[in-house]
Amino acid sequence: MKNKSVNNVERGAETHNGVSFKLPEKNVTVKYIKEYLIVLLAAVLQAIGVYVFVQPNNFSPGGFLGVGTFVEYLTGFNAGYVFFLVNIPIIIVAMFKFRKDFIFKTIVTIVLDSGLLALMPLINFPQFIVDPAQGGYAFIIAAIAGGIVCGASLALLLKVDGCNGGTEIIGTMLQKRFPATNISWFIFCLDSSVIVLSAFFMDPSIYGGGKLAILTPMLLSLCKMFCASKTSETIIRGFSSAIKFEVVTLHGQELGKELTTELNRGVTIIEARGAYTGGEKQLLICIIRKRQMARFKKILSRYPDTFAYMVPASEVYGQGFTKQVKEGEKETAL
């Protein structure tokens with residue numbers, strides 16, 4: 001019964017209250033077209049990040065692309081071909097462990113990344129090449145820009161349940177073997193090992209020489225990885241985050257009414273009891289938009305015996321914040 005349900009979902013079916021139903025064929029087709037257009041955009045961004053900003057400045061992007069860049073630096077063999085070849089055994093193993101849709105998107109991404117990296121030199125695609133005479137700051141710009149572009153690529157792939165292959169697949173496999181661990185640590189360790197290895201074969205003279213010049217490509221690679229991680233996280237979590245307030249007060253009804261009236265926000269009131277005093281209190285839970293924070297605090301100031309704290313809410317679903325405009329699509333009001 002379980003396999004039947006999974007197969008239905010793979011063919012474009014959805015479930016509601018445990019009952020599977022097939023989406024209209026048109027909706028399924030549009031959904032797949034949108035997803036693979038996103039995969040295409042992600043591959044283009046990844047190739048631009050590596051070819052334009054990373055490769056011409058002699059530091060590693062990390063992961064299997066880092067292996068490709070490293071081999072190209074030593075032998076002249078195009079990084080795109082290397083990236084494709086080293087991913088083949090990983091993909092073969094992954095076919096037996098992951099869903100077909102995930103594997104297919106990953107294969108498409110790998111093929112597109114490899115093809116674009118092989119094509120860009122042939123069409124003389126422009127590169128951001130740092131002149132050492134400009135000073136070390138220009139290398140940092142290349143690392144930051146490469147990280148932002150590659151991070152945007154990763155975020156787009158994660159949003160459609162795909163990945164760039166390589167260390168991301170290996171990390172996922174290792175997490176299945178050791179489920180108590182964090183996949184991010186696996187990927188970071190694998191990427192870092194490539195960065196450390198490649199740095200010993202890079203020419204330190206491009207960074208001005210010196211005893212510690214060998215550290216420069218490693219630091220640039222780590223800077224690129226950090227920027228990619230933060231960019232991906234920001235895009236996935238969204239820019240339109242909200243604020244969740246929890247308020248402990250003796251005036252739950254009055255405060256809740258003011259918040260509802262003045263901010264047009266829903267408020268949940270929970271009866272509570274103080275552990276020390278044993279007195280009856282109310283716990284109010286309210287989610288507001290960021291721009292409403294000043295007005296929220298002004299309302300709280302009218303109740304000096306009120307205790308409140310806030311936590312960020314990266315995404316909020318429901319009335320007043322998001323609404324389902326179409327099947328599977330979300331429109332935010334933040």
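All of these numbers come straight from a predicted model, not from anything done at the bench.
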Asker: Would you say Ile235 and Lys159 make side-chain contact, with heavy atoms under 4.5 Å?
Answerer: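 Side chain of Ile235 against side chain of Lys159, heavy atoms only: contact under 4.5 Å found.
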Asker: Pair Phe104, Tyr36 - check side-chain contact (heavy atoms from CB on, under 4.5 Å), show working.
Answerer: CA-CA 10 Å; Phe104 190 69; Tyr36 282 95; 2.9 Å; yes
Asker: Sub-3.5 Å donor-acceptor pair from the side chain of Thr234 to the main-chain atoms of Lys230, do we have one?
Answerer: yes
Asker: Within a strict 4.5 Å, meaning less than it, do heavy atoms of the Ile90 and Ile170 side chains meet?
Answerer: yes
Asker: Rounded to the nearest 0.5 Å, what's the gap from CZ on Phe102 to CD1 on Ile107? Could you check?
Answerer: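 Going from the CZ atom of Phe102 to the CD1 atom of Ile107 covers 10.5 Å.
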Asker: Could you measure the distance from the CG atom of Leu37 to the CG atom of Leu156? Nearest 0.5 Å is fine.
Answerer: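 If I round to the nearest 0.5 Å, the distance is 11.5 Å.
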Asker: Are side-chain heavy atoms of Val54 and Leu65 found at a separation under 4.5 Å?
Answerer: no
Asker: Would a 4.5 Å heavy-atom cut-off, applied to side chains only, mark Leu157 and Gln46 as touching?
Answerer: no
Asker: Please check if the side chain of Lys224 supplies one atom and the backbone of Pro61 the other of a donor-acceptor pair under 3.5 Å.
Answerer: yes
Asker: Considering only heavy atoms from C-beta outward, does the side chain of Thr306 approach that of Val248 to under 4.5 Å?
Answerer: no
Asker: Pairing donors with acceptors under 3.5 angstrom, does anything connect the side chains of Tyr303 and Glu258?
Answerer: yes
Asker: Would you say Phe296 ends up clustered with Ile285 if hydrophobic residues are merged whenever their side chains have heavy atoms under 4.5 Å apart, either directly or through other cluster members?
Answerer: no
Asker: Can you tell me if Asp113 uses its side chain to pair, donor with acceptor, with the backbone of Asn164 under 3.5 Å?
Answerer: no
Asker: Which heavy atom of Glu280 sits nearest a heavy atom of Leu250, and at what distance?
Answerer: O-CD2, 3.3 Å
Asker: Can you give me the closest heavy-atom contact between Ile103 and Met95, atom names plus distance?
Answerer: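 For Ile103 versus Met95, the nearest heavy atoms are CG2-CG, 3.9 Å.
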Asker: Test Asn57 against Phe128 for side-chain contact (heavy atoms from CB on, under 4.5 Å), laying out the working first.
Answerer: CA-CA 8 Å; Asn57 297 300; Phe128 183 82; 4.3 Å; yes
Asker: For the CZ atom of Phe53 and the CD1 atom of Ile141, what is their distance to the nearest 0.5 Å?
Answerer: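 The distance works out to 10.5 Å.
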Asker: Taking the side chain from Ser60 and the backbone from Ile195, do they hold a donor-acceptor pair closer than 3.5 Å?
Answerer: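 Checked: no pair found.
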Asker: Report yes or no: does Gln127 contribute a side-chain atom to a donor-acceptor pair with the main-chain N or O of Tyr51 at less than 3.5 Å?
Answerer: yes
Asker: Once you round to the nearest 0.5 Å, how far does NZ of Lys281 lie from OG1 of Thr249?
Answerer: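 Rounded to the nearest 0.5 Å, the NZ-OG1 separation comes out at 9.0 Å.
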Asker: Determine yes or no for a side-chain-to-main-chain donor-acceptor pair under 3.5 angstrom, with Ser153 supplying the side chain and Ala42 the backbone.
Answerer: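 Flag set: sc Ser153 to bb Ala42 pair under 3.5 Å.
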Asker: Given the rule that I, L, V, M, F, W and Y join up when any side-chain heavy atoms are under 4.5 Å apart, are Ile92 and Ile110 in one cluster?
Answerer: yes
Asker: Might you point out which heavy atoms bring Phe84 and Ser114 nearest each other, and give the distance in Å?
Answerer: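 In terms of heavy atoms, the two residues are closest at CB-OG, 3.2 Å.
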Asker: Identify the residue among Lys257, Arg302, Arg295 that makes a salt bridge (Lys or Arg N to Asp or Glu O under 4.0 Å) with Glu262.
Answerer: Arg302
Asker: Would Leu300 and Phe307 show up in the same hydrophobic cluster when neighbours are defined by side-chain heavy atoms closer than 4.5 Å?
Answerer: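 Leu300 and Phe307: separate clusters.
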Asker: I would like to know whether Tyr32 and Asp101 meet side-chain contact (heavy atoms from CB on, under 4.5 Å); could you show each step before the answer?
Answerer: CA-CA 10 Å; Tyr32 282 130; Asp101 183 55; 4.2 Å; yes
Asker: Rounded to the nearest 0.5 Å, how far apart are CD of Glu72 and CG of Asn78?
Answerer: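 That separation rounds to 5.0 Å.
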Asker: Counting only N and O atoms by type, is there a donor-acceptor contact under 3.5 Å from the side chain of Lys105 to the main-chain atoms of Val160?
Answerer: yes
Asker: Does the side chain of Leu283 come within less than 4.5 Å of Val247's, by heavy atoms?
Answerer: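 No, too far: nothing below the 4.5 Å cut-off.
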Asker: Just by modelled atom types, is the Gly166 backbone N or O under 3.5 Å from a matching donor or acceptor in the Asn87 side chain?
Answerer: yes
Asker: Please round to the nearest 0.5 Å and tell me the distance separating atom CG of Leu215 and atom CG of Leu222.
Answerer: 10.5 Å
Asker: Do Asp191 and Thr167 meet the criterion of a side-chain donor-acceptor pair at a distance under 3.5 Å?
Answerer: yes
Asker: Where do Gly256 and Leu284 come nearest, in terms of heavy atoms and distance?
Answerer: N-CD2, 3.7 Å
Asker: Mind checking whether Phe98 and Ile169 have side chains closer than 4.5 Å, heavy atoms only?
Answerer: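 When only atoms from C-beta onward are counted, Ile169 and Phe98 do touch, with a gap below 4.5 Å.
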Asker: Please check: side-chain N/O of Ser229 versus main-chain N/O of Phe226, any donor-acceptor pairing under 3.5 Å?
Answerer: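 Looks like no, no N/O pair under 3.5 Å.
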Asker: Give the minimum heavy-atom separation between Pro126 and Val52, together with the two atoms involved.
Answerer: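 Scanning both residues, the minimum pair turns out to be O-CG2, 3.5 Å.
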Asker: Under a single-linkage definition using a 4.5 Å side-chain heavy-atom cutoff for Ile, Leu, Val, Met, Phe, Trp and Tyr, are Tyr81 and Ile91 assigned to the same hydrophobic cluster?
Answerer: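 Yes, same cluster.
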Asker: If I compare all heavy atoms of Thr109 with all of Ala43, which pair ends up nearest, and what's the gap?
Answerer: O-CB, 4.4 Å
Asker: Report yes if the side chains of Lys244 and Met310 come closer than 4.5 Å at any heavy-atom pair, otherwise no.
Answerer: no
Asker: Look at the side chain of Thr106 and the backbone N and O of Gly162, then say whether any donor-acceptor pair between them is shorter than 3.5 Å.
Answerer: no
Asker: Check step by step if side-chain contact (heavy atoms from CB on, under 4.5 Å) holds for Ile299 and Leu263.
Answerer: CA-CA 10 Å; Ile299 294 172; Leu263 300 182; 4.1 Å; yes
Asker: Any link between Val93 and Val67 through a network of hydrophobic side chains (Ile, Leu, Val, Met, Phe, Trp, Tyr) touching at under 4.5 Å?
Answerer: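 The answer is yes; both residues are in one hydrophobic cluster.
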